[in-house]
Every structure is written in C-alpha cells, then in structure tokens.
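Before any comments, here is the structure.
Counting starts at 1 for both ligands and their atoms, following the listed order. Small disclaimer: the values here were computed from a predicted structure and weren't measured.
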Amino acid sequence: MSRTAVLSPIVLRIQTRWGRQTGLAEQQLNVRCSNATERQNRGNERRKSPLEVERRTPAGENRESAAALPQRNMAITVATSTLPQISLSGLKCEDIKRNGFHNRRETKGPGTAVASKQPRQESYEQAPMYVAVMTYLGFGIVTLFGYFRDFLRAVGVEKRNIAQEREEQKDFVPLYQDFENFYTRNLYMRVRDNWNRPVCSLPGPVFDLMERVSDDYNWTFRLTGRTIHNAINMGSYNYLGFAENNADFLKTVAAKTQQYGVGVCSTRQELGTLSIHEELEQLVASFLKVESSMTFGMGFAVNSMNIPAIVGKGGLILSDELNHTSLILGARLSGATIRVFKHNNMHSLEKMLKEAVCSGQPRTHRPWKKILIMVEGIYSMEGSVVRLPEIIALKKKYKAYLYLDEAHSIGAVGPSGRGVTELFNVNPSDVDVMMGTFTKSFGAAGGYIAGKKDLVDYLRGHSHSAVYAAAMSPPVAEQIIRAMKCIMGSDGSTEGIRRVRQLAENTRYFRARLKEMGFIIYGNDDSPVVPILLYMPGKVVAFAREMLERKIGVVVVGFPATPITEARARFCLSASHSRAMLNQVLRHMNEVGDNLCLKFSRLKYSSCPDLCDETDFDSGSLYDP
Ligand SMILES: Cc1ncc(COP(=O)(O)O)c(C=O)c1O
C-alpha cells in the first residue's frame, strides 16, 4: 500500500474531527424526497421483521426539527481565585481498601453531588502544527529504520522473529499482511512492553502487576517473580466500582454459585434457560424502562451475532465511523450495504439518509428493505457522547431504525445511571434496539438487547448467540442482578446512586484539572473515558513507562486503533477512585507532562494549574488527606 493511500484517509479524518459540526441545520425534504419516503415506506410494508411495529410513525413527527431539540451544552465554570490550594500529597493507606471499593464514604451522603441532567461540552482541540509535523517525522524516522532493519534481516545480519512463509512457500502469494506485519515487526515490537501486562489481583481502584523483563528487545518476556503492588488503576472499565471482592457485597453471588454451579452446559434454546436468567432479563427491562430484554454471555457476540438477525441483504446500515469492531463485524456479517457517516456528524448522517431514501438501492433504485442507524452511547476512544436527540429526530424524519450500543454509557452516565437515554431525557422507546454490556459498569460479563417485546422474542429464535452459544454463567448473572439492584436502590440502600454521583463528580474533577494543567483531552465533560492526546510515538511510550514507574497503571493507544497522528492515553475513571488517588495521579501527570512536554493545549483555563475549586465539586474535599 502506498504511503499516500495510508495517510490520506487519516488526514481526512483529522480534518473531519477538527472541523466538527456544531448544530443540525433545519432542513425540509423536497418533494422528490417525500415521494421517495413514501416509496420507501411502501417497500417496508412487505418486510417481515419485528422492527416493523415501530415504523408507523405519525406523519407530524416528520416535521421535527433540531431547533426544537433540548439545548445540550453547558459550560464548566471554575472559580479559582478565592479558594485554597488542595493538598496533593501521596495516597494514604486508609484510602485504599485493597482490591475493592475505597473505604472512605461521603459523609454528606449521596445527595451532595449533582449528576448533570444535560450533557456538557465536548472538546476536540487541535494540536499546534509543529506537533503534527514532529509526529509524522517520528513515524518517518522509525519507518526508515524499519526498512533498514528489514534489509539486514533479508541479508541474514539480523535474526527474523516474526511469522513468515516457509522456505518452500517463498513463491506463494504472501500469507501475512505486508504493511501490518511491517508495523508489528518494526514499530510495535519496540514498545510492546506497555501492553498485555499481566495483572495478578482484582482490577479495582488499585491493583497488582507482575513485573516482567525482556532479554531480546520485547520479542519475548520473562516474569521476574516480583510484583508491583498497589498501582493506581486508571485503565479498567470499572466505572461504578462493582469489580470488588468484598465478601459482604458478594454473598448473594456466592449463594447462587452454590445453588446453580458455575457452568450451564447448554444453550438458551435447549436446557440453558435458568430462572436466574429470567429474573435478570425482567430486571434489565425494568432498569431500562422498556418492554423486554434478552441477555447473552458475551458482549462482543451481542453485536456481531444479533445485527445479522435484524438486517440483511437489501438493507442499509448507516454506521458511525468510530463504531466498535463488534458493530462493524455484525454489519459485515449481515450482508447489508454499509455506509459510514462522519463521527457524530448530523449533516453527514442526514445527507446519507436523504440520499438513501431518494435514490434507493444502487442500480435497481428499489427502496431499501430497511435502514438501520448504528451508534454508540459513549465512544471509548474519543470519550464523546452520541448526539442522541438529533439522531432520534433524524431517524423519525426518514423512518429509519436506531441501534444504540451502550457498552460504555450504561451505568456510567445519566442521573440514575440509566445511560444516554436518561442523560438526554429521551424516551427509551424511541430507540429501536438498545444494546449494552455488563463488562464495564456492572463488573461482570455478557451483554443485553432490549426494546419492544416483539423484537426480543424474535431474537430469541433468530440470534446465533441465543441459539448456538452457551447461556450466561449463574454467578455472573447474579453479580449483574446485585449491581443493578444496587443502582436502582431496590436493595434498600443508597450505595448505587452514591456511586453514580461519585463517578460523575470524579469525572468532572479529573477532566477540569487536566484541562487546567494544559493537556489536550478529548470528549464530553460527562464522559468517564478521558483520552489525553500524546501524538508522538516516542512520547506515548515514555509516558506509559514513566507512569508505571510512579505506580500508576495507564492504557496507551496508538495506530491502528487511532489515527496515526492521534496516539493517546485513555484514562477510565471509577466511582471507586478516591479524591486522594485522583490527586496523586494528577500530581504525577503534572510532573510527567512537564518533563515530557505533553501540555500541548493553547487554551488557558487557569493561571495557576494546580488550583482547585473544591466547592465546584461538592464533597470532594472530604477525601483529601
Ligand atoms: C462499544 C462496545 N461494544 C461492544 C463491546 C464488546 O463488549 P465485551 O467486551 O463485553 O464483549 C465493547 C468492548 O469494549 C465496546 O466498547
């Protein structure tokens, strides 16, 4: 693949992101489109899908405009002048209950913090030009060295370690992808020590990592037998702190394990539907305020196996460009035509919807059998929140269906943790297919599909993961039930809502402090996923190693998971992070940011980067040592 071919989509994507649209212009359909919409509707009358129930939208809803949608943006105001500096001293032992939820409680109770009802601002600050130039230069240099080392390997000077065609296959078409292999061999291998690090404790707010070393420049690793104890975990998706091993909290899980055992040894369709699965599904439906739900043992399979059951050949999927791989795989397996719209860009989506409705299928121009818009609640690489009200307005206007993946948003946003529908205060029945996973906020495994009863009943019989995959393990189901009841308050405590609010508070605090320090961070102010832009490959590696030296576990991400010039560290906040832990992380971030020159932001938030307005974060000061 030529370099231009590799770089041009990336450059395009950067331009797209940095030239982000801010509003949905009100547009009326022209006559041709109205006729085409009718044709599309008539075509859809013939469909035999449970989603059909939802299609009979009242004609008046077509006129819904973005202007009528609720105002989304709310700015953060941080008054810094009159307030004392917070103490950024190190973490105290009593702040950490090892391998579990931190043991300090809000003494003012959960009512002190305010979960935002309206989504806040989203920022995508552009890096200075020199950063982009240095990043390309950095990649250019390692690529040149890569070619040089490949030459040395070809002439036998350097040892070949990676998979390659055998000697007798040398005249075959190459079995391994050329560019990916080059990248892995020459770039990724140099920095591989920053990923796949073995963890030997519960992934709570603090965790233990196994120390390992490499004697051959990261081709292989050797465990030293030593452990890095009590590193602060800033990378796990433990949003509400339910990844915990407190025996009191887990006693119902232990009881259900004794009752049902661990494995089900059958599929849901055969002998794998236990009473605990039915209880869980009713609970999920009532939590999400929808008619019905179905649960699955694996979140990835919920997307990849259910999308093909919903849409197929002759259908059209409009997919956000930053959708998760499981959604992309499901879309590809479905056989439907896939068109990709720019991330969270309503103009791009509306243009595609309009074109799809007006022109129908290519060549035949028959109406699409079905149009499915696929989006996520929170995007895990950008920290952005879906523009749900606008998407719902568009889907109603063009009579398309909406598939919403709430893997990162369920439990994590909304005043009572019910995800983006609650965050935007939209009716959950406006989303045709609600999907989510239990692997993040619930500290468990698996996922769900929820919505109308017809849809769920249809999937019970048609989804490959319902028919052919083993049912969810009972202790896992019980862990989800316990966490969900806790969030809903139906266990008689306020612990769940306290955690939801604590997460919102931690998120706002952490994001605001990083911005003050001068880091470029992406995403929505409500998003507990916090990407910090590092850009240059050398800085990414140095940052991850420096942070680990300081006993802070972080996740760094680069190409191909991000555009080549937008490598980043991704922090995931948790309700179980105490204020002292966050302060310790922030203090080290400040130092590492200065040492490695990572503070690229040109926006000035505060003249004094360490100043905090404790009143802005309500009960925050209670955690400070
Ligand atoms: C948006 C999204 N959907 C689906 C999944 C897959 O979920 P799981 O990891 O529970 O299999 C993920 C995983 O991170 C995700 O981010």
Side-chain angles (χ1 to χ4, degrees), residues 195-196 199 203 235-240 242-243 280 284 288 293-308 310 317 319-334 340 343-344 372-388 391 402-413 419-421 423 431 433-450 459 463-466 469-473 476-477 479-480 483-484 522-524 527-531 555 557 560-562 568 570-574:
W195 289 275
N196 309 335
V199 174
S236 297
Y237 311 124
N238 181 22
Y239 298 127
L240 294 180
F242 283 113
L280 173 62
V284 171
L288 296 171
S293 84
M294 178 171 190
T295 55
F296 303 83
M298 183 191 186
F300 193 97
V302 179
N303 283 335
S304 54
M305 296 290 103
N306 282 295
I307 294 167
I310 294 170
I317 292 177
S319 173
D320 188 289
E321 68 176 331
L322 296 186
N323 273 342
H324 189 257
T325 313
S326 54
L327 289 163
I328 297 168
L329 182 63
R332 288 187 183 156
L333 289 176
S334 74
V340 178
H343 176 55
N344 240 348
L372 184 71
I373 303 168
M374 274 185 355
V375 290
E376 291 179 27
I378 289 181
Y379 289 83
S380 59
M381 284 296 164
E382 308 296 290
S384 48
V385 174
V386 64
R387 297 171 67 171
L388 192 60
I391 291 182
L402 178 58
Y403 187 106
L404 172 66
D405 179 337
E406 291 230 65
H408 287 270
S409 51
I410 195 68
V413 291
V420 282
T421 50
L423 184 71
V431 179
V433 189
M434 293 183 83
M435 179 272 169
T437 66
F438 302 119
T439 36
K440 283 129 190 134
S441 294
F442 300 91
Y448 65 82
I449 290 273
L459 288 175
S463 158
H464 279 66
S465 60
M472 183 186 277
S473 165
V476 170
Q479 158 73 4
I480 303 162
M484 204 168 272
Y522 273 180
N524 193 292
S527 159
V529 179
V530 186
V555 171
V557 202
T562 67
R568 60 198 70 178
R570 186 186 57 182
F571 284 62
C572 290
L573 290 163
S574 168

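With sequence neighbours excluded, the residues forming a side chain to side chain contact (heavy atoms under 4.5 Å, CB included) with Ser473 are Val262, Pro475, Val476, listed by chain and number. Residues that satisfy the ring-ring contact (aromatic ring centres under 6.0 Å, His included) test with Phe438, not counting sequence neighbours, are Phe442, Tyr448. Residues passing the side chain to side chain contact (heavy atoms under 4.5 Å, CB included) test with Ile328, sequence neighbours excluded: Arg332.
No salt bridge links Lys440 with Glu406; every basic N to acidic carboxylate O contact stays at or beyond 4.0 Å.
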Distances under 3.5 Å, N/O of ligand 1 against N/O of the protein: list each pair and its distance.
residue  : atom   : partner : partner atom : Å
ligand 1 : 3 (N)  : Asp405  : OD2          : 2.6
ligand 1 : 10 (O) : Thr439  : OG1          : 2.7
ligand 1 : 11 (O) : Gly299  : N            : 3.4
ligand 1 : 11 (O) : Phe300  : N            : 2.7
ligand 1 : 14 (O) : Lys440  : NZ           : 2.9
ligand 1 : 16 (O) : His408  : NE2          : 3.0

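Closest of all the heavy-atom pairs between Val302 and Asn306 is O-ND2, 2.8 Å.
Separation of atoms CD1 (Ile307) and OG (Ser334) is listed at 7.5 Å; rounding is to 0.5 Å.
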